[in-house]
Amino acid sequence: MDTLNGFKRTHMCGVLRREHIEEEVILMGWVQKNRELGGLKFLDLRDRTGLCQIVFDEEVSAEAFEKASILRGEFVVAVKGIVKERYSVNDEMPTGQIEVFADELRILSKSEVPPIHINDDDTAKESLRLKYRYLDLRKPKMFKKLMMRNKISKSVRDFMEENGFIDVETPVLTKPTPEGARDYLVPSRVNKGKFYALPQSPQLFKQLLMVSGFDRYYQIVKCFRDEDLRKDRQPEFTQIDIEMSFVDQEEVISINERLLQKVFKETKGIEIEAPFKRFTYEEAMSRFGSDKPDTRFGYELTDISEVLKDSEFKVFSGTIAKGGMVQGINIKGQMDAYSRNNIKKLEKFVADYGAKGLAWFKIKEDGVNSPIEKFLSEDEVKGIVETMKAEVGDLLLFVADQKKVVYDSLGALRVHIAEDLDVIDRSEYDLLWVTDFPVFEYDDEEERFVAKHHPFTAPKFEDIELLETAPEKARANAYDIVLNGFEIGGGSIRINTLELQQKMFNALGFTNEEADEKFGFLLEAFKYGAPPHGGIAYGLDRLAMILTDSENIREVIAFPKTQNATSLLTDAPAIASKSQLEELGIQLMELSDE
RNA sequence: GGUUCGGUAGUUCAGCUGGUUAGAACGCCGGCCUGUCACGCCGGAGGUCGAGGGUUCGAAUCCCUUCCGAAUCGCCA
């Protein structure tokens, strides 16, 4: 094995062009591929900038030529040589105009045959890619994704600095919180029996920074939530956290529109028009069945309860009588896209969301084709067709149920079908705000109201009295930013007075004592002049996922976790030693089979 | 916690209504080759069919249990 021993890299592999012809260069990198032709050897040398072809010719250097025969894929080498114009140009590669004739070859490190191909076309299973992540990350596409992620955060940082925001670090060892997601707990050795929690978000600290007068704060920061994973959810994730003082909702929204305009411009070269589209929570739910609607396609929800409330068909009228509704989506012009059998599959799909069935109409030349048509009167059929604005060739799908089930199932179904039929314009970026979220939602399990956003969110001024009289009706100064049907960020104007914050905790079922115990430090801070403030937090990983057109969030995280929240690379989490546990004063329960 | 899909050479897959010695492609190893760049040609090696148990004369194939990965519901203030 050779050493650098004075060798100094002069260029990266991917940057060499015709202008470098006749220059002597020293390149370093990994062997992508070697092609031996007997008296001539070619080598594609790779670093993060790309590939460069090296030629080994006996007449240039017999020694290098000889040595090159032991090269194998992923060996790390240094090559000194002269850049020459290619005999046969390769237009497929950026460096295809030139090649480097090697007069010295140093082998810096050997490699076994890697378990995955270091190639963008590699189709290795994800579990294998995760186990050998350091090899997976050698792929150009993975470099590109992480570079895009870096570009996004640089763009954000630039914007924040230009606009007077100060980057302040907040603690990672914090206090467990009663509300919201499960905390990751960290045992305290010094205070046996007590635990820190890893932050779900720096929420309270950024509010305290506003009390301190920092005025504008931001941080790109890791957050942790011990909940089940999804393709867009990891237990540790990165938040772009922003907070501002003396602002109202409009100001927060407007500055964030400028931020996103800059990010899209600098990362994708795309001009986004502001102001962005806006939907109230009510409107988003009733039109799209979702508080993070994808509006790149239609298939909006239509309420046909009015037409059916007196129907003989009890599946419909009975549901309406019990406070439910019947709604449908019109899959325009796609009558033939789904056979009876395939509609059965759609029915299975909505069953996951609690829908007990999926009725359908196919609008044919000679009338409506539907298994339920015979149960409906002529007027009802006509009324449905009219309300749904149905035309020949359309497929109508209906769910009858309570509001939540109707919205959940049809909201998911319209997305499912749009993806299935490939009607979404992938080049489009659909950015929109959803505003006026309810302050509370009812938690069936806990049998009480819980905060929809978080308990520090300010209700709309005109809804404050509803906190006590009709909490379910109170709307919050809360807003989400949605991109292509993903919630990429959310924020709110916060409560900044002791009285209102206490009222809020009371509405959530906390006594003053409980509130004091859990959030006393915040309530205390509000006694000493807390300015009006508000902010937002973005999921950087999600944003990067969408901007890199990735299938899942793991693709834009260097070392992600699996769905079981483990690392296939490090095997974390692991069993702690007995002495470690003793030191922490922790005793494990016997894990039973139940 | 539930549902669904998947696990077979190094990799991606086929084989799965049970039946000779488990195949293909790529990769890998050896040989030949002076303009390759998906190099080509010749030859070769390589398998705990995720694991355990069961049914059977016989299991990659059927059944049960279990582990691992993914999608999804619940969960995610």
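First the proteins, then the strands, lettered A, B, ... as listed; each starts at 1. None of these values were measured; they are calculated from a predicted model.
- Between the CZ atom of R233(A) and the P atom of U72(B) there is a distance of 9 Å, given to the nearest Å.
- Distance, I118(A) CD1 to G10(B) P: 17 Å, rounded to whole Å.
- Side-chain N/O atoms of S88(A) include none lying less than 4.0 angstrom from OP1 or OP2 on G35(B).
- Only the P atoms considered, A38(B) is 15 Å distant from C28(B), to the nearest whole Å.
- To the nearest whole angstrom, the two P atoms, one in U56(B) and one in U61(B), are 16 Å apart.
- Residue-level contact check: Q200(A) touches neither bases nor backbone, having no heavy atom under 4.0 Å from any strand.
- Residue R35(A) has no polar side-chain atom (N or O) positioned under 4.0 Å from OP1 or OP2 of U36(B).
- Across Q234(A), Q563(A), E126(A), a single residue satisfies side-chain hydrogen bond (donor to acceptor under 3.5 Å, both in side chains) together with R554(A), and that is E126(A).
- The residue among E92(A) and E126(A) whose nearest nucleotide of RNA chain B is located toward the 5' end is E92(A).
- Separation of the C1' atoms belonging to U20(B) and A59(B) is 15 Å when rounded to the nearest angstrom.
- The shortest distance between the side-chain N/O atoms of R72(A) and the OP1/OP2 oxygens of C29(B) is below 4.0 Å.
- In this structure, K41(A) reaches neither bases nor backbone, as no heavy-atom distance under 4.0 Å exists between it and the strands shown.
- If you check A25(B) for Watson-Crick or wobble pairing at under 3.5 angstrom, you find it paired to U11(B).
- In this structure, I98(A) places its CD1 atom 13 Å from C1' of C37(B), rounding to the nearest Å.
- For a distance-only test at 3.5 Å, the side chain of R225(A) fails to qualify as a donor-acceptor partner of the base of C76(B).
- Base engagement by R230(A) is indicated by at least one non-hydrogen atom pair under 4.0 Å involving a base atom.
- In this structure, K452(A) atom NZ and C76(B) atom C1' are separated by 12 Å, rounded to whole Å.
- A close approach under 4.0 Å does not occur between any side-chain nitrogen or oxygen of R182(A) and OP1 or OP2 of G74(B).
- Note on ring orientation: taking the six-membered ring where Trp is involved, the planes of F224(A) and Y184(A) are perpendicular (angle over 60°, cut-offs 30° and 60°).
- Nucleotides C63(B) and U72(B) are separated by 27 Å at their P atoms, to the nearest Å.
- The separation between F56(A) atom CZ and C37(B) atom P is 18 Å, rounded to whole Å.
- Nucleic acid contact class of D352(A) (heavy atoms, under 4.0 Å, all strands): sugar-phosphate only.
- Taking atom P on both nucleotides, A60(B) is separated from G52(B) by 12 Å, rounded to a whole Å.
- Taking 4.0 angstrom as the limit, N564(A) places a side-chain polar atom (N or O) nearer than this to OP1 or OP2 of G69(B).
- Separating the CZ atom of F349(A) from the P atom of C5(B) is a distance of 16 Å, rounded to the nearest angstrom.
- Each of E179(A) and R554(A) was assigned the nucleotide of RNA chain B with the nearest heavy atom; the assignment lying further toward the 5' end belongs to R554(A).
- Taking 3.5 Å as the limit, the base of C13(B) and the side chain of T123(A) contain no donor-acceptor pair of atoms between them.
- Among the heavy atoms of the strands, none lies under 4.0 Å from L51(A).
- Among the nucleotides G69(B), U11(B), G35(B), the one closest to any side-chain atom of D122(A) is U11(B).
- Scanning atom types as modelled, one donor and one acceptor separated by under 3.5 angstrom connect the side chain of E99(A) and the base of G35(B).
- Between K125(A) and U12(B) there is a side-chain polar atom (N or O) within less than 4.0 angstrom of OP1 or OP2.
- With respect to D463(A) and K473(A), no salt bridge is recorded, no charged nitrogen being found less than 4.0 Å from a carboxylate O.
- Looking at heavy-atom distances under 4.0 Å, P115(A) makes contact with sugar-phosphate atoms alone, never a base.
- Nearest nucleotide to the side chain of H117(A), out of G1(B), C28(B), U11(B): U11(B).
- One can place CD of E487(A) at 15 Å from C1' of C75(B), the figure rounded to the nearest angstrom.
- Within 4.0 Å (heavy atoms only), L508(A) reaches no atom of the nucleic acid at all.
- Remark: G6(B) base-pairs with C68(B). Criterion, Watson-Crick or G-U wobble with two distances under 3.5 Å.
- At whole-Å resolution of the value, CG in D136(A) and C1' in G10(B) are 16 Å apart.
- A9(B) and A22(B): their P atoms are spaced 14 Å apart (whole Å).
- Residue K33(A) places at least one side-chain N or O closer than 4.0 Å to OP1 or OP2 of G27(B).
- Among the protein residues, F101(A) comes within range of the nucleic acid bases, having at least one heavy atom under 4.0 Å from a base atom.
- F456(A) comes within contact range of no nucleotide atom at all, as no heavy-atom separation falls under 4.0 Å.
- When the side-chain nitrogen and oxygen atoms of T566(A) are compared with OP1 and OP2 of G69(B), one or more of them lie within a distance under 4.0 Å.
- The side chain of K561(A) places no N or O atom within less than 4.0 Å of a non-bridging phosphate oxygen (OP1 or OP2) of G69(B).
- Only the C1' atoms considered, U65(B) is 30 Å distant from G23(B), to the nearest whole Å.
- No engagement by I116(A) is indicated, since no non-hydrogen atom pair under 4.0 Å with the nucleic acid exists.
- Ion pairing between a basic and an acidic side chain is recognised when a charged N comes within 4.0 Å of a carboxylate O; R494(A) and E243(A) show such pairing.
- Between the side chains of R138(A) and Q32(A), no donor N or O sits under 3.5 Å from an acceptor N or O.
- Using C1' as the reference atom, C62(B) and C49(B) are 15 Å apart when rounded to the nearest Å.
- A donor-acceptor contact closer than 3.5 angstrom links the side chains of Q200(A) and D183(A).
- D44(A) places no side-chain N or O within donor-acceptor distance of the main-chain N or O of Q53(A), the cut-off being under 3.5 Å.
- The shortest distance between the side-chain N/O atoms of K231(A) and the OP1/OP2 oxygens of U72(B) is below 4.0 Å.
- The backbone N or O of L105(A) sits less than 3.5 Å from a side-chain atom of K67(A), completing a donor-acceptor pair.
- Side-chain N/O atoms of Q53(A) include none lying less than 4.0 angstrom from OP1 or OP2 on U36(B).
- Under a cutoff of 6.0 Å and an axis angle of 45°, K292(A) and F486(A) do not form a cation-pi pair.
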